[in-house]
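First up is the structure itself, then whatever we jot down about it.
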Amino acid sequence: MRASLPELRHTAAHVLAYAVQDLFPEAKPTIGPAIENGFYYDFDRAEPFTPHDLERLEGRMAEIVAADYKMTGREVSRDQAIASFKSNPYKAEIAREIPDGEPITLYTIGEFTDLCRGGHAESTGAVGAFKLTSVAGAYWRGDEHKPMLQRIYGTAWYDRAQLDDYLARLEEAQRRDHRKLGAELDLFSIEEDAGGGLVFWHPKGAIVREIVESFIREGLRERGYLPVVTPHVASERLYEISGHLENFAANMFGPLEVETQRFRLKPMNCPGHILIYRSRLRSYRDLPLRFSEFGTVYRFERSGVLHGLNRVRGFTQDDAHLFCTPEQLQGEFEQTLDEALRLMKAFGFAEFQYVLSTRDPKDRAETDAVAEAAIRRALERYDLPFEVDEGGGAFYGPKLDVNVRDALGRPWQLGTVQVDFVLPERFELKYRGADGADHRPVMIHRALAGSLERLFGNLVEHYGGAFPAWLAPVQAVVTPISEHQVPYAREVAARLIGAGFRAEVDESNEKLGYKIRHWKTQKVPYILVAGKQEVADGTVNVNARGSDEKRTISVGAFLEELRARVEAKE
RNA sequence: GCCGUCGUAGCUUAGUGGUAAAGCACCUCUUUGGUAAAGAGGAGAGCACGGGUUCAAUCCCCGUCGACGGCUCCA
């Protein structure tokens with residue numbers, strides 16, 4: 001029977017470890033699983049593996065694959081396992097920790113035996129085509145207090161054609177990288193003189209952001225959200241009450257000392273919104289109360305984790321906090337999820353990953369069960385498949401995240417909806433009930449696009465920089481064939497701009513072919529060519545992105561076409 | 001922050017122990033051209049920054065900063 005791809009890749013990991021054992025006997029193998037598209041194996045070795053080492057390893061691996069060693073497994077006792085790995089503390093540690101009752105197995109190919117739970121191809125020859133791709137540091141068991149190991153990444157497939165295809169896809173993905181397109185399309189930059197993780201939105205990026213913002217605002221208005229605006233810095237006192245200093249300090253910028261007070265850049269918008277809630281007596285008749293803000297927050301991220309627009313130190317959330325009665329919780333949560341799905345659909349994302357993160361077990365309270373149940377019910381109502389991340393929730397409660405993938409397949413969290421019984425308690429929030437007594441409201445924290453920066457980065461990659469007409473920074477460029485048509489081109493552009501569209505005129509002293517090429521690489525949806533004929537007829541020749549068809553139509557007809565496309569958000 | 005790789009004009013890259021080359025972009029001129037690059041000329045980097053070795057360093061060594069790929073963490 002043919003091995004599955006994960007089996008093949010897992011086998012490739014063993015082959016790699018075998019090759020390492022042969023060429024670098026001092027390296028201690030630790031763990032080496034199959035992953036999406038390939039495999040990795042972590043080794044403990046003092047010397048770093050160099051790119052040249054990888055080539056040598058690939059050569060040895062090819063021999064091991066060609067030898068087609070049979071993968072043979074045998075079950076051993078815990079003591080035997082520990083004894084056979086007495087020079088490898090990592091393997092011994094794993095052997096010690098395998099739960100009682102679970103079999104402990106050793107697998108051998110040729111001269112290499114590994115502690116492994118199984119799931120391999122029958123022999124090494126099954127590894128049709130592979131390539132070692134990179135080496136990276138990785139902590140033993142993902143714990144930064146434990147030793148750093150060297151992780152060798154590889155990709156493996158049934159055959160050469162599949163491998164080549166995968167490598168080609170990788171290259172294409174790199175062409176779509178938002179950091180690359182961001183520079184090419186003049187959308188944004190991150191400036192060394194300002195510091196990493198701080199985004200400068202250029203005009204063409206900022207206009208897209210404005211469009212995104214107004215689209216989101218429309219949804220907020222329809223769903224009864226009220227706008228609020230809160231300061232970017234606040235006294236430390238606020239974050240003592242909220243618990244951020246206690247639970248989130250590692251992600252906060254340090255204190256700003258002014259006169260006798262210490263201030264902090266805000267890491268989250270919730271405390272500010274809570275202060276507004278608390279500023280007056282609230283009645284059950286006021287609830288649910290939904291405060292929304294495009295709130296810019298600052299979080300300290302360690303330098304090594306910054307990544308384009310996806311991991312930054314200052315970002316703007318499409319944030320909102322809903323204050324409701326416990327009875328309203330379910331309905332509010334579902335309404336929020338509904339809006340999240342609507343947004344993502346409008347932005348053209350199709351594949352999502354839903355992750356329910358529960359609260360850290362050390363903080364769990366009985367209300368968490370209520371919160372989690374609300375989230376699970378909502379997921380069921382919408383029939384959404386989801387994963388569970390135990391303990392991955394916010395410090396104040398469990399949450400539901402909506403993730404998308406970037407061009408290279410890395411998942412990024414965009415939307416998040418969180419249920420919170422804790423902050424209302426810490427801030428002693430209340431509302432006057434129908435019974436005349438005070439009650440504690442429940443909060444929902446929600447950012448549906450997540451951060452505008454990350455959303456934008458993912459949009460750029462999703463569209464490969466070719467924004468649909470409703471989002472494109474420049475929707476149409478009027479391109480005169482010679483300078484004689486410049487006045488007409490300006491008139492046409494003025495009409496478009498007057499109708500609310502984003503248009504430019506290309507007045508450069510270049511031939512038409514050059515201009516077309518320029519605007520094609522800028523991925524503008526419409527290039528409107530104006531020559532002698534068009535001027536005489538009051539028309540434009542439409543060169544639409546993604547189509548070879550050229551049409552000469554009246555300016556009015558083009559306006560209608562553009563209007564229709566923008567309204568349809570195509 | 002940690003491990004690894006990298007750092008030459010705005011961008012992409014070449015290059016050498018004896019003060020750096022090209023294409024694109026930019027500017028000027030010629031050209032007024034019909035759907036992915038017209039022609040010519042010009043300007044632009046002392047080779048990320050700081051030390052060291054050397055008669056001499058962009059090239060060798062050390063440190064710092066930054067970027068990239070991961071680890072950890074999160075929108």
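Chain A is the first sequence line, chain B the second, and so forth, proteins listed ahead of strands; every chain is numbered from 1.
Between A:Tyr298 and A:Arg264 the shortest side-chain heavy-atom distance does not fall below 4.5 Å. In this structure, the side chains of A:Met268 and A:Arg299 come closer than 4.5 Å at one or more pairs of heavy atoms. Between A:Gln150 and A:Pro48, some side-chain heavy-atom pair lies under the 4.5 Å cut-off. Under the 4.5 Å side-chain criterion, counting only non-hydrogen atoms from C-beta, A:Glu332 is in contact with A:Gln335. Side-chain contact check for A:Val474 versus A:Gln522: every heavy-atom pair is 4.5 Å or farther apart. With a 4.5 Å cut-off on side-chain heavy atoms, A:Phe39 and A:Leu132 count as touching.
Between the side chain of A:Arg299 and the base of B:C74, no donor-acceptor pair under 3.5 Å is found. For B:U31, the base has a donor-acceptor partner in the side chain of A:Asn509 [N/O atoms by modelled type, under 3.5 angstrom].
Residues from residues 522-534 of chain A placing a heavy atom under 4.0 Å of any atom in RNA chain B, listed by number, are A:Val529, A:Gly531, A:Lys532, A:Gln533, A:Glu534. Contacts of residues 411-420 of chain A with RNA chain B (heavy atom under 4.0 Å): A:Gln413, A:Leu414, A:Thr416, A:Gln418. Annotation: proximity of residues 476-491 of chain A to RNA chain B (heavy atom, distance under 4.0 Å) is found for A:Ile481, A:Ser482, A:Glu483, A:His484, numbered in ascending order.
Glycosidic torsion of B:G39 falls outside 90° of 0, placing the base in anti.
Residue pairs meeting the salt bridge (Lys or Arg N to Asp or Glu O under 4.0 Å) criterion with at least one partner in residues 386-405 of chain A, sequence neighbours excluded, are A:Glu36-A:Arg405, A:Lys399-A:Asp401. Evaluation of the salt bridge (Lys or Arg N to Asp or Glu O under 4.0 Å) test over residues 532-552 of chain A, restricted to residues two or more places apart or in two chains, returns A:Arg551-A:Glu561.
Using a 4.0 Å cut-off between charged nitrogen and carboxylate oxygen, A:Arg179 and A:Asp177 count as a salt-bridge pair. The existence of a salt bridge linking A:Glu339 and A:Arg446 is excluded, since no basic side-chain nitrogen approaches an acidic carboxylate oxygen closer than 4.0 Å. The existence of a salt bridge linking A:Arg302 and A:Glu144 is confirmed by a sub-4.0 Å separation between a basic side-chain nitrogen and an acidic carboxylate oxygen.
Rounded to an integer number of Å, the gap from A:Phe43 CZ to B:G70 P is 19 Å. Atom pair A:His145:NE2 and B:C73:C1' shows a separation of 12 Å (rounding to whole Å applied). Summarising the geometry, the separation between CG on A:Asn543 and P on B:U35 is reported as 11 Å, rounded to the nearest angstrom. A:Asn269 has its CG atom 11 Å from the C1' atom of B:A75, to the nearest Å. If you take CG of A:Asp401 and C1' of B:A75, they are 9 Å apart, rounded to a whole angstrom. Straight-line distance from the CZ atom of A:Arg551 to the C1' atom of B:U35: 14 Å, rounded to whole Å. Here the C1' atom of nucleotide B:A75 and the CZ atom of A:Arg410 are 16 Å apart, to the nearest Å. Nucleotide B:A40 holds its C1' atom 13 Å from the CD atom of A:Glu510, rounded to whole Å.
Comparing B:G7 with B:C59, their C1' atoms are spaced 14 Å from each other, to the whole Å. Spacing between B:G10 and B:C27 at atom P, rounded to whole Å, works out to 15 Å. Of the C1' atoms belonging to B:A67 and B:G51, the separation is 23 Å, rounded to the nearest Å. Look at the P atom in both B:U8 and B:G33: the space between them is 43 Å, to the nearest Å. Taking atom P on both nucleotides, B:C49 is separated from B:C65 by 16 Å, rounded to a whole Å.
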List, one per line, each side-chain donor-acceptor pair under 3.5 Å for residues 192-206 of chain A, sequence neighbours excluded.
residue  : atom : partner  : partner atom : Å
A:His202 : ND1  : A:Phe200 : O            : 3.4
A:His202 : NE2  : A:Ser189 : OG           : 3.3

With a 3.5 Å cut-off and sequence neighbours excluded, list the donor-acceptor pairs that the side chains of residues 450-461 of chain A form with protein atoms.
residue  : atom : partner  : partner atom : Å
A:Ser451 : OG   : A:Glu453 : N            : 3.4
A:Ser451 : OG   : A:Arg454 : N            : 2.9
A:Glu453 : OE1  : A:Thr316 : N            : 2.9
A:Glu453 : OE2  : A:Arg209 : NH1          : 3.3
A:Arg454 : NE   : A:Asn310 : O            : 2.9
A:Arg454 : NH1  : A:Gln413 : O            : 2.6
A:Arg454 : NH2  : A:Asn310 : O            : 2.8
A:Asn458 : ND2  : A:Asn310 : OD1          : 3.1
A:Asn458 : ND2  : A:Arg454 : O            : 2.9
A:Glu461 : OE1  : A:Ala407 : N            : 2.5
A:Glu461 : OE2  : A:His178 : N            : 2.8
A:Glu461 : OE2  : A:His178 : ND1          : 2.7

Side-chain donor-acceptor distances from residues 23-32 of chain A under 3.5 Å, at least two apart:
residue : atom : partner : partner atom : Å
A:Glu26 : OE2  : A:Arg45 : NE           : 2.8
A:Thr30 : OG1  : A:Asp42 : O            : 2.7

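A:Ser357 and A:Gly392 make their closest contact through CB-C, 3.4 Å (heavy atoms, listed as atom of the first residue, atom of the second, distance).
Ring-plane geometry between A:Phe352 and A:Phe349 is classed as perpendicular, the angle between the planes exceeding 60 degrees on a 0 to 90 degree scale with a lower cut at 30.
A:Lys146 comes within 4.0 angstrom of nothing in the nucleic acid, heavy atoms only. Within the 4.0 angstrom heavy-atom criterion, no nucleotide atom of any strand lies near A:Val297. At a threshold of 4.0 angstrom between heavy atoms, the contacts of A:Arg141 with the nucleic acid are absent. Within 4.0 Å (heavy atoms only), A:Glu301 reaches at least one base atom of the nucleic acid. Nucleic acid contact class of A:Gly392 (heavy atoms, under 4.0 Å, all strands): none.
Taking the ring pair (Phe, Tyr, Trp, His ring centres under 6.0 Å) definition, one finds that A:Phe386 meets it with nothing, sequence neighbours left out.
Contact check, A:His518 against B:A25: no side-chain N or O comes under 4.0 Å of OP1 or OP2.
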Worksheet item: Can you list the steps and then say if A:Leu496 with A:Leu528 is a side chain to side chain contact (heavy atoms under 4.5 Å, CB included)?
Response: CA-CA 11 Å; A:Leu496 289 168; A:Leu528 307 179; 3.9 Å; yes
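The six-membered or imidazole ring of A:His244 lies near that of A:Phe395, with a centre-to-centre distance under 6.0 Å.
Under the 3.5 Å distance criterion, the side-chain polar atoms of A:Arg176 are left unmatched by any main-chain donor or acceptor of A:Gly465.
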Fill in: Strand RNA chain B in bracket notation, Watson-Crick/G-U under 3.5 Å with | for pairs to another chain
(((((((..((((.......)))).(((((.......))))).....(((((.......))))))))))))....
Output one line per pair: protein atom, nucleotide atom from nucleotides 1-7 of chain B, and distance, for all N/O pairs under 3.5 Å.
residue : atom : partner  : partner atom : Å
B:G1    : OP2  : A:Ser303 : OG           : 3.0
B:G1    : N7   : A:Gly304 : N            : 3.0
B:G1    : N2   : A:Tyr139 : OH           : 2.4
B:C2    : O2   : A:Tyr139 : OH           : 3.4
B:C3    : O2   : A:Gly137 : N            : 2.9

Report each atom pair, protein N/O against N/O of nucleotides 9-12 of chain B, whose distance is under 3.5 angstrom.
none

